[in-house]
Structures are given as structure tokens and as C-alpha cells.
Amino acid sequence: MNRKAQYKPQEIEVKWQKYWEENKTFSPDLKNAKNPYYTLMMFPYPSAEGLHVGNMYAFTGADIHGRYMRMKGKDVFEPIGLDGFGIHSENYALAVGRHPREQAKISEKNFYRQLRATGNAYDWTRTLETYDPDYYRWTQWIFVQMFKKGLAYRKKARVNWCPSDKTVLADEQVIDGRCERCSSVVEKRDLEQWFFKITAYADALLNGLNQIDWPEKIKIAQRQWIGKSEGSRIKFKVQNSKLKIKEIEVFTTRADTLFGATFLVLAPEHPISTSIRDKFVQQYIEKAKKKSDKERIENKEKTGVFSGLYGINPVNKEKIPIWIADYAVMGYGTGALFGDAHDERDTEFAKKYGIRLKPTLHTGDKKKDKRIDSLEECFTGDGVLFDSGEFSGLSSAEAKKKIAQWLERYRAGGPETTYHLRDWLISRQRYWGPPIPIIYCRKCWGNSKLKTQNSKLIEGRDYAIIDGREHMIRAVPEEQLPVELPDVKDWRPEGTGTSPLANHPEFYQTKCPSCNSSAKRETDVSDTFLDSSWYYLRYLSIQNQEARIKKQGTSSKDIKSDQPLEIGNLKLDIPYDLKIVRRWCPIAIYIGGAEHSVLHLLYVRFIAMVLHDLNLDDRLSIIDNRSKINIQNLRSKIHDLALPFAEPFPRFFAHGLIISEGAKMSKSRGNIVVPDIYIEKFGADTLRLYLMFLGPFSQGGDFRDTGIEGMHRFVRRVWNLFTTKEFGEDNQDTLQMINKTIKKVTLDIEEFSYNTAIARLMEFYNFISDNNKSWSQQTARSYLRLFAPFAPHLAEEVWQEMKHEARSKNQGEINHDSKFMIRDSIHFSEWPKYDEKYLVQEKVTVVVQVNGKRRGEVTIDSSNIGKKNEVESLARKEVEKYVAGKSVKNVIYIPGRIINFVI
RNA sequence: GCCGCGGUGGUGGAAUGGUAGACACGAGGGCCUUAAGAGCCCUUGUCCGCAAGGGCGUGGGAGUUCGACUCUCCCCCGCGGCACCA
């Protein structure tokens with residue numbers, strides 16, 4: 001190429017971004033694609049001033065993978081959207097004093113502008129926003145399915161309350177006793193809330209981990225969070241109790257120490273604790289309740305109070321005191337435990353309150369056993385039982401089994417499995433979220449009272465107590481979805497324990513879908529993690545962006561599903577197109593941050609499993625009251641509604657985080673770096689390369705803008721190389737170098753080792769920019785194609801230039817890669833292949849060592865690699881002064897690498 | 001306390017058990033230029049030495065090996081997750 005054009009990234013980047021979008025370069029045909037490859041990056045929440053370089057880092061890394069796979073011949077689907085519903089966006093709206101809906105529009109525009117400027121290969125015909133009624137309609141639909149399956153229920157619970165965000169939080173959103181979002185100390189409140197029964201899927205979530213290719217770190221975090229622990233349930237009779245409850249059940253993993261149980265401990269919230277009519281006991285409980293989790297964590301000094309009651313140990317009939325102490329927590333096991341001398345917490349507590357302790361385990365080490373007997377040492381390991389009746393002499397492991405069997409035989413307990421995982425608290429007393437699609441009907445309660453025995457109805461699932469009176473719980477019928485979030489002026493949270501929507505009768509006053517009398521809507525909205533728990537399915541089902549744009553302004557009630565499922569003459573609306581879902585899911589690779597280990601990444605698996613388990617009965621219940629159809633007929637015609645997979649993301653890659661000034665980028669720290677100024681100054685290609693060059697993609701790095709100039713120099717040099725260096729013939733060196741580069745870059749990209757891939761590209765540049773080196777047009781093209789994932793605009797522009805060059809020079813040459821003639825984009829061009837024959841070096845350097853120390857080197861012909869004797873005699877000459885006169889004990893030759901004389 | 005990850009030049013970081021520090025940034029020197037900028041070239045782990053060359057070097061200590069940043073064990077430090085979970 002002879003013409004020297006100046007590199008103007010600002011011009012070429014916008015030009016190509018427009019070209020890609022207009023030509024739908026990155027919008028695959030979802031129905032007919034032959035090699036579907038769905039690559040997904042966790043979508044952003046547009047909460048702050050805009051996309052920051054941390055986001056751009058993650059998105060670029062994901063995009064490089066997508067662009068690479070496309071060049072490998074896959075039909076890549078790489079969508080983007082905004083997780084704009086929820087507390088984070090509402091908090092930002094609060095901070096800037098704008099209505100969330102208004103702010104969402106501003107953020108949306110800004111984010112999409114920035115995302116376009118990064119040059120990522122997104123399918124711009126299929127974007128989604130979680131606050132779009134057409135989206136949250138289906139979020140609500142999922143809530144309804146959960147309710148119908150009995151997986152959504154109401155419960156009065158002691159919940160995490162953030163005084164600053166003025167809402168409840170899920171356990172997963174409380175970090176070190178503080179709010180995940182605003183770091184306020186989380187308080188406890190007793191509120192009636194909606195929960196999702198994720199605990200019903202604890203085992204499935206645990207077992208599924210064995211089948212997915214995720215970083216071990218995240219699998220471990222999830223296992224730990226689910227916290228399965230197998231042990232025993234043991235019933236202690238309560239003696240002389242005037243209470244209704246005659247038994248206390250405890251959970252233990254150490255049934256082997258049961259004979260040493262000298263006291264029982266109840267959590268303050270335990271039903272027995274709360275029912276004891278004693279001033280001191282109730283005072284203690286009140287005090288314990290007020291303690292926040294943070295206080296509990298920071299002050300581990302044990303406190304408790306004697307309940308006045310005694311329990312009977314089922315194995316030895318010993319009468320032991322029952323204490324109430326807040327080191328027992330209600331949420332785990334049964335909220336009750338037995339205390340013994342082989343647990344540090346129990347021992348600490350017993351010593352403080354002068355409770356008797358009785359060791360029952362020995363180690364066999366006499367000195368140690370003496371210390372155990374005298375309570376000088378609290379032994380918590382496995383040992384051999386003594387003073388334990390018929391179980392004395394058994395090892396801990398044997399005793400655990402046998403005692404559990406004994407308990408079962410005498411109906412005093414048995415094996416039991418507990419989980420750390422708690423049910424997912426889904427309701428939020430905020431404005432900016434999908435209203436929970438539930439209606440409470442007083443009339444239906446009255447009707448049901450007449451018809452059935454109310455004792456069969458379960459509180460929280462069938463009925464709820466609203467304003468002190470029972471109401472039946474009714475799901476909003478699916479054809480009435482969405483329950484639209486009204487535009488209200490008083491959207492700010494007040495901290496009253498109810499959502500701002502509770503001040504709006506025009507919202508909550510409604511008709512019961514069952515009996516048509518006046519009823520009341522739920523006014524809470526759902527957790528933002530529900531929005532993001534199924535979005536990957538929706539991308540596949542957005543068929544017609546133009547239609548979506550047109551329909552704006554019409555009421556969303558008029559919107560019909562894009563993909564009605566037809567069953568006989570009945571049209572059933574579901575949120576995803578199953579034909580397309582089957583073709584594209586599960587997702588080839590999911591990329592995102594590891595910080596969502598026990599949040600999004602757990603919820604998204606849970607919801608997929610529930611949707612996977614939708615069975616025929618569920619399907620019938622969905623279409624229930626809508627049409628009188630012959631069910632037998634239907635069974636044969638019905639299409640699968642259930643997702644065809646339980647694990648949506650068989651492969652997950654966790655990218656690293658970009659930090660700035662030593663801390664994770666966040667608005668509150670004020671260390672946000674926005675990519676805009678860099679893109680404006682150097683272009684997106686330079687910034688992409690720079691970010692990817694910082695370090696391994698899995699590791700992240702510290703953003704400093706000092707190195708970006710250097711990267712810009714490199715990009716310019718590459719541009720100049722392509723626009724000025726003449727094409728000629730490849731010589732052997734060049735062929736070896738380009739093949740080596742192709743091989744290494746390919747491997748590096750596949751391992752997400754983008755930083756080393758870029759280093760290879762630089763190495764090749766350093767090699768070829770030498771005036772003495774010559775390259776052919778074909779080699780130049782191969783090299784250029786390696787750039788395409790990293791610097792897509794530059795690659796496109798140069799590709800175009802080279803096409804013209806070829807055309808003017810020699811018409812025939814164009815056809816050597818006919819694809820770009822059809823579609824004018826490098827991204828339809830094949831990824832270059834390397835030829836192993838050029839990777840074999842003619843000359844090989846063998847390092848010569850004497851006793852492992854490097855003493856020289858010899859160069860041999862590659863055909864002589866296997867000839868040890870020849871290499872040895874050459875090597876001997878090289879190190880004559882070291883081996884002369886000494887007896888060589890051994891010669892170790894690693895072919896082509898090292899020859900070592902042991903003397 | 002438990003679990004996981006990491007520790008390599010001034011900096012970011014490279015190294016299927018085989019010449020440690022690729023590739024960059026920064027720094028120093030030079031060329032070009034009226035100047036600035038851009039570009040190009042050289043040097044750059046450290047110590048001794050004019051040089052040739054040599055010694056020492058991947059948090060510390062041991063071990064396996066002809067050979068260890070890499071594998072094993074112990075210790076120190078940093079980061080992340082979980083945590084009165086019975």
C-alpha cells in the first residue's frame with residue numbers, strides 16, 4: 001500500500017459502528033442460524049453517571065471472545081440490555097433528585113451511546129430494559145408461576161432492614177452486617193414478607209454444581225452458602241412443662257457427644273423462649289432482638305438466661321437445664337442445640353454461667369486426655385467415646401451412625417440434613433420495581449369459610465392477614481399482566497415498612513380476579529435480582545424491534561406476546577420462544593464478575609431450575625380458567641413449556657475487576673473513570689487494547705492512564721505499517737513468524753489471556769517493521785485478522801483499504817478470499833490458520849550444562865535433534881575447560897533443549 | 001477461626017520442570033528539528049569490573065530433580081469469601 005493516510009480513529013470508528021448497525025452485521029438469524037453460539041455478558045445496571053472503564057473492561061473482554069468465535073465460523077449472538085429497575089437505580093435517582101422513570105430515560109440514552117462507542121459487536125435490534133413493561137410483564141409472570149407452584153409464600157419474619165435504603169434486604173445482600181449497597185448497619189425488623197422457597201432447590205443447586213464448568217472459587221462459595229450439613233435431629237422431652245410444647249428438637253452434627261450433653265440452648269426467637277412467662281427471660285429476649293447482626297458479629301461475648309425449665313436427654317435420661325442464649329440462631333437447624341464439653345462455644349458459655357460439663361471423648365494420648373478430663377482443654381476433634389453407655393469404646397464416626405440409628409428406633413430423633421441457605425426474601429418496600437402481581441380478597445375468604453374448613457388453608461400460601469383480617473391470596477391472572485407501575489410523585493421511600501404505592505388507592509384498589517368483588521393489591525415490588533434472573537431468555541424472544549418502538553405510547557396492556565404458544569385453538573402467552581431457546585440455549589459462555597457468586601449466579605440457576613420443572617400440571621394450571629378444553633386432547637398437542645435445561649450457564653468465566661487508586665471503582669469512592677474522554681482522544685481501539693493489555697482478563701488490574709499513550713503509539717504504528725509497507729514475497733523467517741504468531745494468539749484468546757495475545761501482536765510488529773523483512777499481502781491479511789477482535793474498527797478500515805489495493809493491482813487476487821466480496825466486513829472472514837510445518841525450526845539451540853550450570857550452547861540442525869552422540873561431541877568441545885580431565889559420570893540429553901554433563 | 005487466591009525489576013506483567021524478567025510503561029542517552037511535537041536508534045534486575053567476564057537473584061526455610069518462579073512440606077505477608085451454623 002503506497003498511499004499514506006493519517007490514522008483518524010474518531011472518523012473510522014463512528015463510520016464502522018454505523019455500518020455494523022445498519023447492515024445488521026451482528027444480528028444473527030435466530031430462527032435459522034446453523035452454528036448458534038450465544039455469548040452473554042452480565043448486563044449493567046445504569047445507576048451512576050455512566051459506563052465506567054471497569055464496565056468497559058469486562059464488556060470488551062467478552063466481546064473479543066464473541067468476535068473471535070464469529071471469525072471461527074459461529075453465528076454469534078451477543079446481546080446487550082440494561083438492568084435499570086431496582087434499588088440501585090432508584091438510589092441514584094434519589095441522589096440526583098429526579099424521578100426514576102425520567103432518570104432511566106437519561107441513563108438509557110447515555111449508556112447505549114457509550115456502549116455503541118466501545119465498538120462491541122452487539123445485536124442492536126434486540127436490546128432490553130428491565131423497567132420496560134413489556135419486560136417486567138414477564139418478570140411478574142414468573143412470580144405468578146412461583147406462586148402457583150407453592151414456591152412463593154408470605155411469612156412474618158425477623159428480616160434485615162436497611163435504615164438508609166428504607167427497605168428489607170435478602171441475606172445475600174447483607175455483607176458483614178451492613179447493607180451491600182449503602183453500607184449502613186442493617187437492623188432487624190419483624191415484617192410480613194414474600195419469600196421464594198429456594199431451600200426446596202438446595203440439593204438441586206448443590207448437585208448441579210458438579211455438572212458445570214465454572215471457576216472452582218465460585219462453586220466453593222455457592223457450596224458454602226448452601227451449607228449442607230448432615231447430622232442428627234434429637235428430641236428432648238421438656239419436664240414439668242406447663243407449656244403446650246412438650247419437646248425440644250435440636251440439630252447436631254456431633255451425635256457422638258450426646259452422652260456429654262449437660263444443658264440445652266434455645267435461640268431467643270425460639271417458640272418456647274417466647275412463650276415463657278418470666279420477666280427476666282422476656283427482658284433478655286427483648287434485648288437480644290434489638291441487637292443487630294453487626295453487634296452480634298463484633299461482640300461475641302456469650303450471654304444467656306436460665307429458662308427455669310429442664311429437659312431429658314433421651315439416651316441417658318439425664319435431667320439437664322434449658323438456657324436461652326443468642327449464640328443459638330433461629331434460622332439454622334431447629335434454633336436449639338445441646339451443649340457439651342467438646343464444643344468451644346458451649347464450653348465458653350458453660351464456664352461463664354457455671355454450668356456443669358462432662359467430657360465423653362478421649363484421644364488415647366494420656367497427657368491430653370488428662371487435660372480433657374480436667375476441662376483444661378476443649379477437645380473438638382474425633383476421638384473414642386467413654387461414659388457413653390453401650391456406645392463407649394466406639395470411634396466418633398461409628399458412634400454418630402449408631403446413635404442416629406438408636407434415636408430413630410426409639411423415636412427420639414434420627415438422621416437430619418440442614419442447610420445454611422435460607423429462603424429468598426423477594427419483596428421490597430420501594431417504588432422502582434415490578435409490583436408483585438398479587439391481590440388480597442376478603443370476600444373470597446368468607447366464601448372459602450363457607451365451603452371448606454379453613455384449617456386446610458395455609459397462612460402465607462392461601463391466605464394472609466392484612467390489616468388484622470384474613471384475606472385470600474390471589475395471583476393476578478396472566479392475561480392481565482403487567483400490573484403496571486403507576487407514575488406517582490411521592491415515590492421516595494418513607495421507611496414506614498410499606499412501599500410508596502401503599503399511599504395510592506387508585507393503584508391498590510382493584511377487583512378480585514376470582515369473585516370480582518373489591519379487593520386490595522399487594523403494594524410491595526419485587527427484588528431487582530428477580531429481574532435479572534431470566535433476562536437471557538428474553539433476548540432470544542425479542543423479534544421485532546421496530547414493532548416495539550412503534551407501540552410506544554400505546555398502553556402496554558395492548559401489547560401481545562411476541563411469541564404466543566399455540567395449543568389447539570388456544571393461544572398461550574409465555575415469555576420466551578421455545579423453538580429459539582432450544583436452538584440457542586443453554587448459553588455457550590457466560591461472562592461476568594465473581595462478586596455475584598451467591599447473589600445473581602445462584603438466583604439465576606434457581607429460576608432456571610423452576611422453569612425447567614414446569615410440568616404438565618403447571619401448564620394446565622396456567623391455562624386453567626381461560627378455556628374449557630378437553631384435557632386429554634391437550635396432553636398430546638401441548639408443546640413443552642418447560643425450559644429444556646436446568647443449568648442455564650454450563651460455562652462461566654469470571655473476569656477480574658478494574659480498580660482505581662487501589663479500590664474498586666464506585667461512585668461513593670469517587671474514583672470512577674469514564675471511558676469517553678479516552679475514546680475521544682485516542683479512539684476505542686486504543687482503549688480496548690490498553691485495557692486488555694493491563695493484565696490477564698481473569699485478574700483485572702489498576703487503571704492508570706500513563707500507559708495509554710504507549711498503546712496509542714503502537715496502534716498508530718500498526719496503521720502506518722499497513723498503509724506504507726510494500727507487499728512482496730514471504731521469506732522463511734516471515735513464514736515462521738506469522739505462523740508462530742497465529743498459533744500463539746489463537747491459544748491465548750481461547751484461554752482469555754488477552755494480554756499475552758497483544759504482546760504477540762507487538763512482537764510480530766517489531767519483527768516485520770524492520771526494513772529488511774518482507775511480507776506478502778496474504779501474510780499481512782492474516783496479521784490484520786488477528787487484530788480484528790481487539791481493534792475491530794482499525795481492522796475493518798485497513799481490510800477495506802487492502803481490498804481496494806488488491807482490486808486495482810490484480811483483479812484475480814480478490815477472489816482468494818471471496819467472502820469479503822459478499823459481505824464487506826472482516827468479521828465474516830475466517831480466522832487465520834497456522835501451518836505446523838513453518839513452526840519447526842531449522843536450527844536448534846541446545847543449552848550445554850555441567851552439573852546443571854549453564855556453560856554454553858551449541859547449534860544443531862533440527863534433523864539431528866535425536867542424535868545424542870553427535871550433540872554430545874559438539875557439546876564437549878564447547879565446554880572442554882570444564883570437563884577436561886574429569887570423569888563424566890552421566891550425560892543427560894533432553895532432545896533439542898539441554899545437554900548436561902554430570903561430573 | 002475456616003475456605004479460596006496470590007507474593008517475580010522502578011511499574012503492569014511473561015515464562016508445557018529447561019537461557020527468569022517476553023511484551024509494554026517509566027527512566028537515561030543519542031539522532032532528526034530553529035523550536036515544540038511526532039518519529040527513529042541505543043541502554044535499563046542487581047553487585048564486582050575499563051572490558052571480556054563473573055557473583056547474586058522469583059516473600060523466607062527445607063525437600064524432590066541433572067535442572068525449580070513452576071512440584072512437596074513448614075513459616076511469613078497481602079487480597080477475597082464465609083463465620084456464635086451446633
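Keep in mind the model is a prediction, meaning the values are calculated, not measured. When reading the values below, keep in mind they use all heavy atoms of this one structure, side chains included, and skip hydrogens, waters and symmetry mates. Throughout, protein chains are lettered first and strands after them, A, B, ... in sequence-line order, and every chain is numbered starting at 1.
OP1 or OP2 of B/G13 lies within a sub-4.0 Å distance of a side-chain N or O belonging to A/Gln699. Of the side-chain N and O atoms in A/Arg713, none sit less than 4.0 angstrom from OP1 or OP2 of B/A24. An OP1 or OP2 oxygen of B/G4 is reached within less than 4.0 angstrom by no side-chain nitrogen or oxygen of A/Arg223. Close to B/A14, at under 4.0 Å from its OP1 or OP2, lies a side-chain N or O of A/Asn755. An OP1 or OP2 oxygen of B/C40 is reached within less than 4.0 angstrom by no side-chain nitrogen or oxygen of A/Asn771.
Residue A/Asn766 is in sugar-phosphate contact alone, with no base atom involved, counting any heavy-atom pair closer than 4.0 Å across all strands shown. Across all strands shown, A/Glu709 has no heavy atoms under 4.0 Å from either base or sugar-phosphate atoms. Within 4.0 Å of A/Glu763, counting heavy atoms only, lie sugar-phosphate atoms of the nucleic acid but no base atom.
Atom-to-atom, CG of A/Asp326 to C1' of B/A86 comes out at 14 Å; the value is rounded to the nearest Å. One interatomic measurement links the two molecules: CG of A/Leu602 to P of B/C82, which rounds to 13 Å at whole-angstrom precision. Rounded to whole Å, the distance from CE on A/Met330 to P on B/A86 is 16 Å. One interatomic measurement links the two molecules: CD of A/Glu348 to P of B/A83, which rounds to 19 Å at whole-angstrom precision. Per the geometry, CG belonging to A/Leu657 stands 14 Å off C1' belonging to B/C5, to the nearest Å. We find that CZ of A/Arg760 is positioned 7 Å from C1' of B/A14, with the value rounded to whole Å. Distance, A/Trp323 CH2 to B/C84 C1': 17 Å, rounded to whole Å. If you measure from atom CG of A/Leu691 to atom P of B/G13, you get 14 Å, rounded to the nearest angstrom.
Rounded to whole Å, the separation between the C1' atoms of B/U44 and B/C23 comes to 15 Å. When the P atom is compared between B/U65 and B/C56, the two are found 22 Å apart, to the nearest whole Å. For the C1' atoms, the distance linking B/G9 with B/U58 amounts to 10 Å, nearest Å. For the C1' atoms, the distance linking B/A35 with B/A22 amounts to 38 Å, nearest Å. Only the P atoms considered, B/G7 is 14 Å distant from B/C69, to the nearest whole Å.
With B/A38, B/C23, B/A14 as the choices, the nucleotide that has an atom nearest any side-chain atom of A/Met762 turns out to be B/C23. Taking the side chain of A/Tyr327 as heavy atoms from C-beta on, and the options B/C40, B/C84, B/G81, the nearest nucleotide is B/C84. Listed nucleotides: B/A14, B/A24, B/C3. Nearest to the side chain of A/Thr756: B/A14. Set against B/A83, B/A38, B/A14, the side chain of A/His420 has B/A83 as its closest nucleotide. Listed candidates were B/G39, B/A86, B/C82. Nearest to the side chain of A/Gln224 is B/C82. Taking only side-chain atoms of A/Arg704, from C-beta outward, the nucleotide of B/A83, B/U11, B/A86 with the closest atom is B/U11. Here B/C23 is the nucleotide among B/C23, B/U11, B/C84 with the atom lying nearest to any side-chain atom of A/Phe693. Comparing B/G4, B/C40, B/G13 by their nearest atom to the side chain of A/Ile220 picks out B/G4.
Pair check for B/A24 finds B/U11; Watson-Crick or G-U wobble, both atom distances under 3.5 Å. Across all strands shown, B/A83 has no partner, as no Watson-Crick or G-U wobble contact with both distances under 3.5 Å is found.
Between A/Tyr353 and A/Trp323, the two ring planes are tilted [angle within 30° to 60°]. Ring pair A/Phe764/A/Tyr783 is tilted by interplanar angle, where 30° to 60° counts as tilted.
Using modelled atom types and a 3.5 Å distance limit, the side chains of A/Tyr284 and A/Thr303 yield a donor-acceptor pair. Using modelled atom types and a 3.5 Å distance limit, the side chains of A/Tyr332 and A/Ser229 yield a donor-acceptor pair.
For the pair A/Lys302 and A/Tyr327, the cation-pi test (distance below 6.0 Å, angle within 45°) is passed.
Looking at A/Lys302, its side chain comes within 3.5 Å of the base of B/C84 through a donor and an acceptor atom.
To the nearest 0.5 angstrom, A/Met42 atom CE is 10.0 Å from A/Ile591 atom CD1.
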task: Check step by step if salt bridge (Lys or Arg N to Asp or Glu O under 4.0 Å) holds for A/Lys228 and A/Asp203.
output: CA-CA 8 Å; A/Lys228 183 173 183 169; A/Asp203 268 322; 2.8 Å; yes
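Listed by residue number, the members of residues 331-342 of chain A with any heavy atom below 4.0 angstrom from RNA chain B are A/Tyr332, A/Gly335, A/Leu337.
A/Glu348 has no carboxylate O lying under 4.0 Å from a charged side-chain N of A/Lys352, or vice versa, which leaves the two without a salt bridge. The pair A/Glu763-A/Lys744 does not count as a salt bridge, with every side-chain nitrogen at least 4.0 angstrom from each carboxylate oxygen.
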